[in-house]
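Structure first, then comments.
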Amino acid sequence: MSDPMVFTILLSVLLVLLAMGMWVALSLTLMAFVALVFFANPPAGQVLATTLWGHSHSWPLAALPLFILMGEILLRSRLSEDMFSGLAPWLGRVPGRLLHVNILGCAIFAAVSGSSAATAATIGRMSVPELTKRGYPEKLILGTLAGSATLGLLIPPSIILIVYGVATEQSIARLFVAGVLPGLMLVGLFIGYVAFKAILNPSSIPALEGAYSLGEKLRASRRLIPVLLLISGVIGSIYSGVASPTDAAALGVVLSAVLAMSTGGFGMADFKDALLSATRTSCMIAFILMGAAFLSISMGFTGIPRNLAAWIGGFELSPYALLAALTVFFVILGCFLDGISVVVLTTSIILPMVEAAGIDPLWFGIYLVLVVEMSQITPPVGFNLFVIQGLTGINILRVATAAMPFFFLLLLGALLITVFPSIVTVLPNAMGN
């Protein structure tokens, strides 16, 4: 049987399982089992047992539950309120004014949570009522929140970058550092867009409500210091080589717990809730990764990724043409699956052809996350859209329409790192080993 036919059969099996509502991890495992039993000749049970066992105690994967726990602790603290109070006095005279709190607040929280859904929920819970009460346009409130919350996937520590690093055996520390400049670039694009809209239509932005003296601004900024110290401690320890991502994650959990308790309102009951929520999320992701590892092994036995890479290589596509095709492919796939599922479903098949085209796997990881960010704000399964809809009760099509300009800004970001790859690679290269 030809490879395209085998691939079509296996893809059909996967789609049927997902359509039946089966868990992604089980769907991947069953698809891989079918591939081994019917289209390869190794002992499927033995391969399944050794693969699941071998990938269940990965040391780099230990950073995942720790970073998730750090985000869950801060989600239950007064962090978002402190960020609004600390940022608002400085933004009164900037075009767009307090709308930038959404962008900067999401960027800061993304750097301590690693999750776009948690970022959207935490910042949105505080900023949407405040900005609505002050008369800011609904479209920009929802758009800035939906677009900026995607930064949780890119700005380190990013859960999806850990997943990509484990799935492709790339250095998680280098991936984290590679995400810093693209993340800041996106923050700049979002701020520039809001400022441009405000200058274009100044009547849509409420008038300045009083002025703050420099002393008042500095006093308000004190509430940002603990968060900035946490970010600096986690990212700085990784970049300097003092700590591995797993060590930095443990440090982040301790610092976030101290921060949450020091701000008040965080007790033992909140810590138990955070621990249980982090355990559920971590188990779900680890289960998906084990299923993806088994799929990767089974695909290796069938030879499909190698032959598919050779087949695509026969078209002699340039790296740019290949990336353009993959962008469309990932955005379409992301309309139906969450970001982590997209990454684990595709890396075993896509990575060989990417490497054959001479594309750096480290750079490709950041590009992939950027494209997955775009899928987080595209219907019908844009996770950020669902979070904001649940938060505000606004129709999801209105939320999606508000987020559309930020989809194109993310697309522009992907184009910029393609044309100027050093945006991604300059910091990892400066790290050395």
Side-chain angles (χ1 to χ4, degrees), residues 57-80 82-83 86 105-116 118-119 122 151-166 170-181 183-184 222-268 270-279 281-283 285-286 427-428 430-433:
H57 57 273
S58 165
W59 174 246
L61 193 57
L64 181 69
L66 291 170
F67 278 127
I68 292 173
L69 177 58
M70 184 177 79
E72 291 289 344
I73 290 171
L74 293 172
L75 183 63
R76 290 160 175 80
S77 70
R78 284 173 42 198
L79 176 69
S80 57
D82 286 348
M83 282 194 296
C106 284
I108 292 171
F109 193 79
V112 290
S113 76
S115 165
S116 66
T119 301
T122 307
L151 296 169
L153 297 178
L154 181 61
I155 294 179
S158 161
I159 293 168
I160 204 166
L161 282 178
I162 297 175
V163 171
Y164 177 82
V166 171
Q170 292 294 310
S171 163
I172 293 171
R174 293 172 72 82
L175 282 168
F176 277 3
V177 173
V180 172
L181 289 183
L184 294 176
R222 287 185 301 182
R223 303 181 76 171
L224 292 173
I225 292 173
V227 184
L228 296 177
L229 288 175
L230 175 60
I231 297 169
S232 303
V234 171
I235 299 176
S237 63
I238 295 173
Y239 184 80
S240 64
V242 172
S244 70
T246 307
D247 300 330
L251 175 66
V253 170
V254 174
L255 292 178
S256 63
V258 171
L259 173 60
M261 287 186 288
S262 66
T263 55
F266 184 85
M268 186 54 68
D270 298 299
F271 181 73
K272 287 179 181 177
D273 286 344
L275 202 57
L276 286 172
S277 182
T279 301
T281 305
S282 303
C283 288
I285 296 173
L427 287 182
M431 282 178 71
N433 294 317

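All values below come from the heavy atoms of this structure, side chains included, with hydrogens, waters and symmetry mates left out. The structure presented is a predicted model; accordingly, all values stated were derived computationally and were not measured.
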Would you list the atom pairs, donor with acceptor, under 3.5 Å between side chains in residues 249-262 and any protein atom, with sequence neighbours excluded?
from: S256; atom 1: OG; to: G252; atom 2: O; distance (Å): 2.9
from: S256; atom 1: OG; to: V253; atom 2: O; distance (Å): 2.9
from: S262; atom 1: OG; to: V258; atom 2: O; distance (Å): 3.2
from: S262; atom 1: OG; to: L259; atom 2: O; distance (Å): 2.8

One should read off an interatomic distance between L69 CG and L276 CG, to the nearest 0.5 angstrom, of 10.5 Å

Drop me the distance from L66's CG to D247's CG, to the nearest 0.5 angstrom. 9.5 Å

At what distance, to the nearest 0.5 angstrom, does CG of L427 lie from CZ of R174? 10.5 Å

Are the side chains of I172 and F176 in touch, meaning some heavy atoms are under 4.5 Å apart? yes

Calculate, to the nearest 0.5 Å, the distance between atoms CG and CD1 belonging to L151 and I108 respectively. 11.5 Å

Not counting sequence neighbours, which residues clear side chain to side chain donor-acceptor pair (under 3.5 Å) with S277? List them please. E72

Is the backbone of L153 close enough, under 3.5 Å, to the side chain of S158 for a donor and an acceptor to pair up by distance? yes

